[in-house]
Amino acid sequence: MARKWAIITGAGSGIGEEFAAQLSDMGYSMILIGRTTEKLEAVRKKLHKRQKAYNRYHEARSQQVRIIAKDLSDMTAAQTAIDMTAQIIDVEKGVPAILINSAGFGSVGEFMESDIDMQERMVDVNVKALTLFTYRMITMMDRSGGGRILNVASSAGLFPGGPYMAVYYATKSYVVSFTNGVRRELTERGSRVRVASLCPGPVNTPFNIRAGVRNALRGISPRRCVKSAIRGMKHDRAVIVPGVSIKLAAFGAKVLPAGLMIPIVSHQQKRKL
């Protein structure tokens, strides 16, 4: 049988690292993509330990872990990472079974006072790189008979706007809208590729440190978030929202007019400053 590969961007820490752990436990070989070799190597060592522990007590599984260290805010590097991913799968005569587009970051503060270069990099990672990976992997998955793509958005993507994290909220809205649109196209053409978006609220990861965020709401663990995501993928949900409180907030975003919802979001975001 062809080796089944799970491709994970942003795999060096946080949600991406947790996806690597749980999907490795399910038997997938891994292509881990992140900014730094050191972090990816650390994740690879952890996965090898988990695989050895499994093989000690069960029928041995043949799994591989490959790493690709590229900064996805650089579109040339992002394209190189995609080409390297396709080459690994081709050489190994495998199939791309799962893509987790987990790479992304945010920042908090007034847009007028922000570092515009950082905001542009945010768009490049959260939007452009995600779109490129989705396009390339959909094509490969469709040819090989199917696969699953999960685009990690945020509960922010379900709101009409996010003062003090304006660009971040906008990029995550793009992810949700883009994923929903592509999902419908795949359905209408009868493809066996399935796509979904993951929209968690606060998750206790290094993401918040990089963004300079102090969460107004209590976060959930990466393990809980990823378990919910995998369960949602198995049930073919279009939008996966872990946690009851965030589901309620997302429902409020649907039923309240933007003129009421945006000031509420603004109040919550100010608590992060």
Side-chain angles (χ1 to χ4, degrees), residues 8-22 34-35 39 100-111 114 118-119 121-123 125-127 130 150-177 179 196-233 237-256 261-273:
I8 305 173
T9 70
S13 63
I15 293 175
E17 180 179 359
E18 184 61 32
F19 266 112
Q22 293 194 32
R35 289 189 300 158
K39 287 185 177 181
I100 307 293
N101 271 316
S102 183
F105 71 95
S107 66
V108 63
E110 288 189 56
F111 178 69
S114 67
M118 177 185 287
Q119 304 299 330
R121 290 196 301 273
M122 194 189 307
V123 173
V125 176
N126 296 6
V127 172
L130 178 143
L150 184 70
N151 290 328
V152 179
S154 164
S155 58
L158 304 175
F159 288 81
Y164 305 102
M165 291 187 79
V167 174
Y168 176 76
Y169 270 63
T171 62
K172 295 306 182 179
S173 292
Y174 170 88
V175 173
V176 175
S177 176
T179 304
S197 55
L198 174 63
C199 297
V203 181
N204 299 323
T205 72
F207 172 94
N208 296 319
I209 298 174
R210 187 180 182 192
V213 166
R214 293 181 293 112
N215 284 325
L217 300 174
R218 186 176 180 181
I220 64 174
S221 69
R223 184 173 183 271
R224 179 182 170 189
C225 178
V226 171
K227 282 179 70 70
S228 180
I230 292 174
R231 185 166 57 249
M233 291 169 70
R237 293 175 185 155
V239 179
I240 303 165
V241 183
V244 175
S245 61
I246 297 302
K247 283 185 172 73
L248 291 173
F251 177 75
K254 284 183 178 180
V255 299
L256 290 177
M261 179 52 66
I262 292 177
I264 294 173
V265 175
S266 178
H267 175 73
Q268 289 295 103
Q269 294 301 101
K270 281 182 180 179
R271 296 172 64 186
K272 298 178 179 180
L273 296 174

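Worth knowing before you read on, the calculation uses all heavy atoms, side chains too, and leaves out hydrogens, waters and symmetry mates.
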How close do S266 and Y164 get, heavy atom to heavy atom, and via which atoms?
OG-CE1, 3.4 Å
Test item: I230 and F19 side chains (from C-beta on) under 4.5 Å apart, heavy atoms:
yes
Might you point out which heavy atoms bring S102 and G16 nearest each other, and give the distance in Å?
OG-N, 3.4 Å
One should read off an interatomic distance between S13 OG and R35 CZ, to the nearest 0.5 angstrom, of 8.0 Å
Would you say that V175 contacts T171 through its side chain, given a criterion of any heavy-atom pair below 4.5 Å between the two side chains?
no
Please report the shortest heavy-atom distance between S155 and G201, naming the atom on each side.
OG-CA, 3.5 Å
Rounding to 0.5 Å, atoms OG1 (T9) and CG (L130) come to a distance of 7.0 Å
Does some side-chain heavy atom of V152 sit less than 4.5 Å from a side-chain heavy atom of N101?
no
Can you find a pair of side-chain heavy atoms, one from I240 and one from L150, that are under 4.5 Å apart?
yes
Does a side-chain heavy-atom distance below 4.5 Å link E18 with K227?
no
Which pair of non-hydrogen atoms, one from S173 and one from A156, has the smallest distance, and what is that distance?
OG-O, 4.2 Å
In this structure, OH of Y168 is separated from CD of Q269 (nearest 0.5 Å) by 9.5 Å
Taking all non-hydrogen atoms of both residues into account, name the closest pair between F105 and M122 and its distance.
O-CG, 3.2 Å
I need the minimum non-hydrogen distance between S107 and M118, along with the two atoms involved.
CB-SD, 3.7 Å
Rounded to the nearest 0.5 Å, the CG atom of L158 sits from the OG atom of S197 at a distance of 7.5 Å
Heavy-atom distance under 4.5 Å between the side chains of L198 and C225, does that happen here?
yes
